[in-house]
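As structure tokens, the structure follows; a few thoughts come after it.
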Amino acid sequence: MSLTHDSFYRRAAGSSLLLAVCDDGQGATVPVLLHWGADLGDLGEDDVAAIVRARTPTVPHSALDQPRWLAALPETVTGFTGTPAVEGVRAGATGPWAPRFDAWSLTHDGHTANLRAADEESGLTVALTVGMDEDGVVMTRSSLTNTGPGDYTVSALRCVLPVGPEATEVLDLTGRWTRERSPQRRPFAQGTWQRSGRHGRTGHDATLVMVAGTPSFGFRTGSVWGVHLAWSGDHVHYAERTPEGESLLGAHELLGPGELVLAPGEAYTTPWLLGSWSGEGLDPMSHRLHAWVRRSARRRPATRPVMLNTWEAAYFDHDLEKLSRLADAGAAVGVERFVLDDAWFKGRRNDYAGLGDWTVDPEVWPQGLHPLVDHVRGLGMEFGLWVEPEMVNLDSDLVREHPDWVLRGRSALPPEWRHQQVLDLQNPAAFSHIRDALGALLHEYDISYLKWDHNRDLVDTSHAGRPAVHGQTRALYALIDDLKGEHPHLEIETCASGGGRVDAGILLRTDRVWPSDTIDALERQHIQRWTTLLVPPELVGTHVGGPEAHTTGRRHRLGFRAATALLGHFGVEWDISVVPAQEREELAGWIATYKQVRELVGSGLLVRGDHPDPALLVTGVVSRDRAEAVYVLATVASSATQTPLPVRLPGLDPDRRYAVERIGPEEGGPLVDMGQSWLGGEPLVLPGSVLGAAGVRLPVLPPESARVLRVSVI
Ligand code: DGJ
């Protein structure tokens with residue numbers, strides 16, 4: 001077996017990727033991802049040829065008579081027994097039902113390889129792009145063109161990446177409303193483990209990143225390969241291990257029957273599949289992805305403004321005086337952006353009416369939003385506004401005038417969800433109506449931020465007789481792109497009943513995610529920890545709510561609530577206009593603490609400790625030069641041991657000395673540290689090696705409390 005064509009080898013940030021076009025042993029060529037993982041060092045052409053030779057699959061008994069490679073685009077017709085990359089049906093076909101691409105060409109620019117191949121009998125050409133960015137993130141996608149006669153219906157176009165055979169465990173995330181991104185693990189055994197999202201939006205249960213790794217991999221240990229599909233519609237992630245010995249991770253847009261039909265000459269391009277490898281656990285895997293998001297997404301300053309959101313403070317009860325008082329209280333504690341949530345628009349007294357009518361309610365706001373916007377701007381804060389552009393209530397002028405703009409799959413309307421239906425954004429008139437309505441608001445008011453919500457699944461929807469999700473998702477992207485094109489400084493928060501739309505497709509167009517509707521700090525400790533598998537911490541909205549969490553009824557001290565919000569995009573979602581002065585002072589102290597660390601949060605490396613006691617979560621951000629760090633040590637249950645186990649502070653330079661001190665305001669209530677410790681006294685000075693490998697002891701902390709440590713090199 002010899003290398004017949006070109007190859008592509010890329011090294012970046014300690015990882016590497018090797019791709020070669022090989023003979024398939026049956027007279028055709030096949031693109032093979034020979035390696036994705038650790039950096040293989042310098043490789044010359046001879047090395048690549050030798051690797052191809054060394055890695056050529058053996059021919060076992062009772063098998064095809066020639067070696068069968070795991071292709072970068074796996075095909076059933078080659079004898080691959082796993083899931084094929086291309087599935088589709090040609091109308092009135094008499095030719096082959098499954099493609100076999102040949103004559104692969106490969107060109108590259110050093111960063112990205114472009115491969116092309118055709119199957120004339122099937123009337124298809126394919127273009128496959130595989131690259132690695134400077135942080136070692138693999139990006140791949142493919143494009144299928146119908147070159148044959150008649151329509152070709154694409155059932156699935158999958159992107160795959162091979163993983164090392166030592167990856168024998170799979171981690172993915174699941175969840176529900178107010179409990180997004182819960183991890184689940186299983187053995188990576190033979191067969192296919194598939195996670196599908198069929199919500200018409202990313203979904204609260206979306207896997208976010210599907211990870212395969214060595215047994216018991218953690219945040220700081222083990223080799224891991226993770227993939228994520230940058231797409232906000234229906235999708236599938238899967239981990240597959242064949243009896244022939246191949247292991248791979250794959251993903252694709254989940255297309256409904258007949259959803260994507262290519263007329264002759266038309267092409268379909270998949271969303272990007274991102275891949276991130278690490279030899280030292282999930283943290284470095286996330287660092288690569290964070291770097292990708294930070295660089296690829298539209299840039300916003302790394303230093304995030306402190307927000308105040310009105311939802312849990314006012315709900316549907318909008319009143320200029322009350323909201324102005326809230327704004328005053330916000331400005332006084334250090335808030336920099338005031339976001340008016342749901343209920344400001346026409347007819348919106350509750351969640352039964354109003355969606356679709358994006359003009360200011362004249363009864364509640366007789367002078368429009370001007371008095372509030374002016375008040376907020378006068379206090380030196382930015383103004384933000386909540387919208388839900390893809391949705392309508394039947395009780396709205398929009399639906400009364402255009403009942404045909406409501407997305408439906410049959411003559412009866414889909415079942416309601418939060419009393420609402422979906423607007424058909426593929427209808428050009430509906431699209432321009434919404435774009436113009438949002439444009440008019442942005443023109444009239446000094447709005448620098450939109451919280452963009454999406455509060456229901458798409459159920460029983462079609463457009464022009466075909467499933468609607470693909471087109472609706474693309475239309476959403478076009479809508480945001482149009483608005484951002486006209487208002488380049490506008491920031492957008494992605495929200496979908498909390499964290500139902502968190503993915504890299506939306507992150508390319510938005511500036512922060514709302515990870516969950518629960519701001520119960522205990523729940524948030526877990527939700528935020530796993531959301532940052534993909535999302536950099538400064539893009540995760542982290543709000544301090546009132547003492548009693550509205551979604552769970554749990555009560556927490558301000559110290560725990562605020563420390564939980566510290567390593568994110570900090571905000572307040574609480575009617576602080578009515579809280580006692582002492583509590584407001586304490587909140588102001590936490591906001592000041594956030595302002596001290598936010599630049600670090602927005603630019604540093606997130607670290608998550610693998611503490612042996614599950615009662616303690618260690619989360620930190622370390623500056624890239626490892627000169628400073630901040631850690632939040634949070635107890636999420638009662639400790640398993642009477643004396644807490646030493647806590648290691650990950651990510652520091654073992655060869656430098658650091659001062660460690662507790663930061664954050666003193667608790668307003670009775671002291672909760674139980675027992676004596678160094679914490680609270682003089683800063684502790686120790687080498688990074690001791691802090692990282694031996695650790696320090698904390699006092700006994702009650703469950704659901706937190707301490708914040710600042711670590712600075714001396
Ligand atoms: C759901 C969001 O997640 C909440 O934060 C809030 O904006 C409500 N929608 C408003 O209806």
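Residue numbers count from 1 along this sequence. One-based numbering, in listed order, for ligands and for the atoms of each. Just the heavy atoms: all of them, side chains too, but no hydrogens, waters or symmetry mates, feed the values below.
Partners of Ala521 by side-chain contact (heavy atoms from CB on, under 4.5 Å), not counting sequence neighbours, listed by chain and number: His556, Phe560, Arg561, Thr564. Residues forming a side-chain contact (heavy atoms from CB on, under 4.5 Å) with His318 (at least two apart in sequence, or on another chain): Leu323, Leu340, Ala343, Trp344, Val364, Trp365. Every residue meeting the side-chain contact (heavy atoms from CB on, under 4.5 Å) condition with Asp234, not counting sequence neighbours, appears here in chain and number order: Leu254, Val469.
Residues Arg400 and Asp397 are paired through a salt bridge, judged by an N-O separation under 4.0 Å between the basic side chain and the carboxylate. Using a 4.0 Å cut-off between charged nitrogen and carboxylate oxygen, Asp511 and Arg304 do not count as a salt-bridge pair. Using a cut-off of 4.0 Å between Lys/Arg side-chain N and Asp/Glu carboxylate O, Arg524 and Glu573 are scored as not salt-bridged.
For ligand 1, the protein residues within 4.0 angstrom (heavy atoms only) are Trp311, Asp341, Asp342, Trp386, Arg418, Lys451, Asp453, Asn455, Cys495, Ser497, Gly498, Trp514, Asp517.
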